[in-house]
Amino acid sequence: MFVGTIMLKNVMIFDSHKLLTEYLNNHIHSKKTVGFVPTMGALHEGHISLMKQAISECDHLVVSIFVNPTQFDNRNDLDKYPRTVEKDVLFIKEHIDPNKLTVYAPSVEDVYGNNTAAKSYSYDGLENVMEGANRPGHFDGVGTILEFLFKAVTPDKAFFGEKDFQQLQIVKKLVEKLGLDLNIIGCPIKREPHGLAMSSRNEQLSKTAREKAAFINTTLLKAQSYFKKNSILKTQQLVHDLFKKEPDFTLEYFTITSEETLHPVTRKYKKHHYRGFIVARIEGVRLIDNISLPQN
Ligand code: PAF
């Protein structure tokens with residue numbers, strides 16, 4: 001337990017947002033562009049790819065590590081979420097020059113004071129579908145923490161993975177609505193060698209299930225090629241049929257939406273951009289993935 005700043009193997013870590021802002025304002029912002037990667041820790045290669053992209057586009061990188069309580073709709077998930085700050089910092093250091101890195105790893109009190117509650121946001125309907133509909137309050141929690149972090153760090157660019165594509169679109173909307181001078185950069189999904197999208201949740205799978213879970217990506221790729229010559233409804237049917245043959249999986253949803261509004265669609269229109277979103281469980285672990293669906 002510390003309050004202030006510590007160095008861990010040459011990496012500067014803050015647990016106070018006031019000191020973080022002061023340090024960035026006094027030593028970094030005037031001379032350097034700042035890239036920001038917010039995380040909840042339990043870092044994997046997917047996070048590292050965001051950080052590498054950030055440091056290739058900016059002079060300095062700020063990473064936050066904070067398990068944000070207000071975005072969990074289930075107390076048990078929050079309690080079980082791994083908290084491995086020291087290991088995470090050492091992992092980042094293997095890939096990023098510590099002289100170009102600042103870490104913010106606060107306590108719940110530093111962020112929320114004595115009121116751990118989410119604010120309420122409207123993202124013009126982006127929040128009412130898919131993960132928003134399945135996890136009530138989730139995107140209010142995400143908005144609350146990101147508004148706080150963006151204001152504390154004031155980065156030039158912030159980097160988010162396309163694995164959480166709905167979150168990425170919502171963050172862009174949040175920034176637009178708050179009028180922040182900040183570029184949100186979407187980064188491609190990083191996959192395990194057999195195709196499973198990287199996620200902290202993959203750790204909860206047995207070795208066999210982790211290999212089998214490549215089926216999710218294989219199915220999305222089949223849907224992508226099928227979609228070019230077939231309707232939305234037929235493509236959805238294809239995915240449902242493929243899952244019926246795989247009893248180890250439970251398909252929670254496969255939805256095709258407009259890439260812009262994220263609203264489910266049933267008819268194709270020329271020149272419109274579509275995306276397929278999937279949530280499936282194996283060994284009880286909820287896995288999400290998505291893919292763009294070009295029309296030709
Ligand atoms: O994607 C995540 O890990 C979280 O939702 C984020 C953006 C760090 C906010 O807590």
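The chain is numbered in sequence order, starting from 1. Indexing begins at 1, ligand by ligand and atom by atom, following the structure's order.
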Q) Should the pair H95 and F91 be assigned to parallel (<30°), tilted (30 to 60°) or perpendicular (>60°) ring geometry? A) perpendicular
Q) Parallel, tilted or perpendicular for F215 and F249, by the 30°/60° rule? A) tilted
Q. Which is it for T39 and ligand 1 at heavy atoms under 4.0 Å: side chain, backbone, both or neither?
A. backbone
Q: Show which atoms of ligand 1 fall inside a sub-4.0 Å distance from at least one heavy-atom site of Q71.
A: 4 (C), 5 (O), 9 (C), 10 (O)
Q) I145 heavy atoms, cut-off 4.0 Å: which ligand 1 atoms fall inside? A) 9 (C), 10 (O)
Q.
For residues L50 and V85: do they belong to one hydrophobic cluster (side chain heavy atoms under 4.5 Å, members Ile, Leu, Val, Met, Phe, Trp, Tyr)?
A. yes
**Q.** Nearest-neighbour protein heavy atom for atom 7 (C) of ligand 1, which is reported as residue plus atom name and distance
**A.** Q167 NE2, 3.6 Å
(Q) Students should be able to answer this: which protein heavy-atom is nearest to atom 3 (O) of ligand 1, and at what distance? (A) M40 CG, 3.7 Å
Q | Under-4.0 Å salt bridge between K212 and E246 | A | no
Q: Could you tell me whether D181 atom CG has more than 12 heavy atoms of other residues or ligands within 6.0 Å of it?
A: no
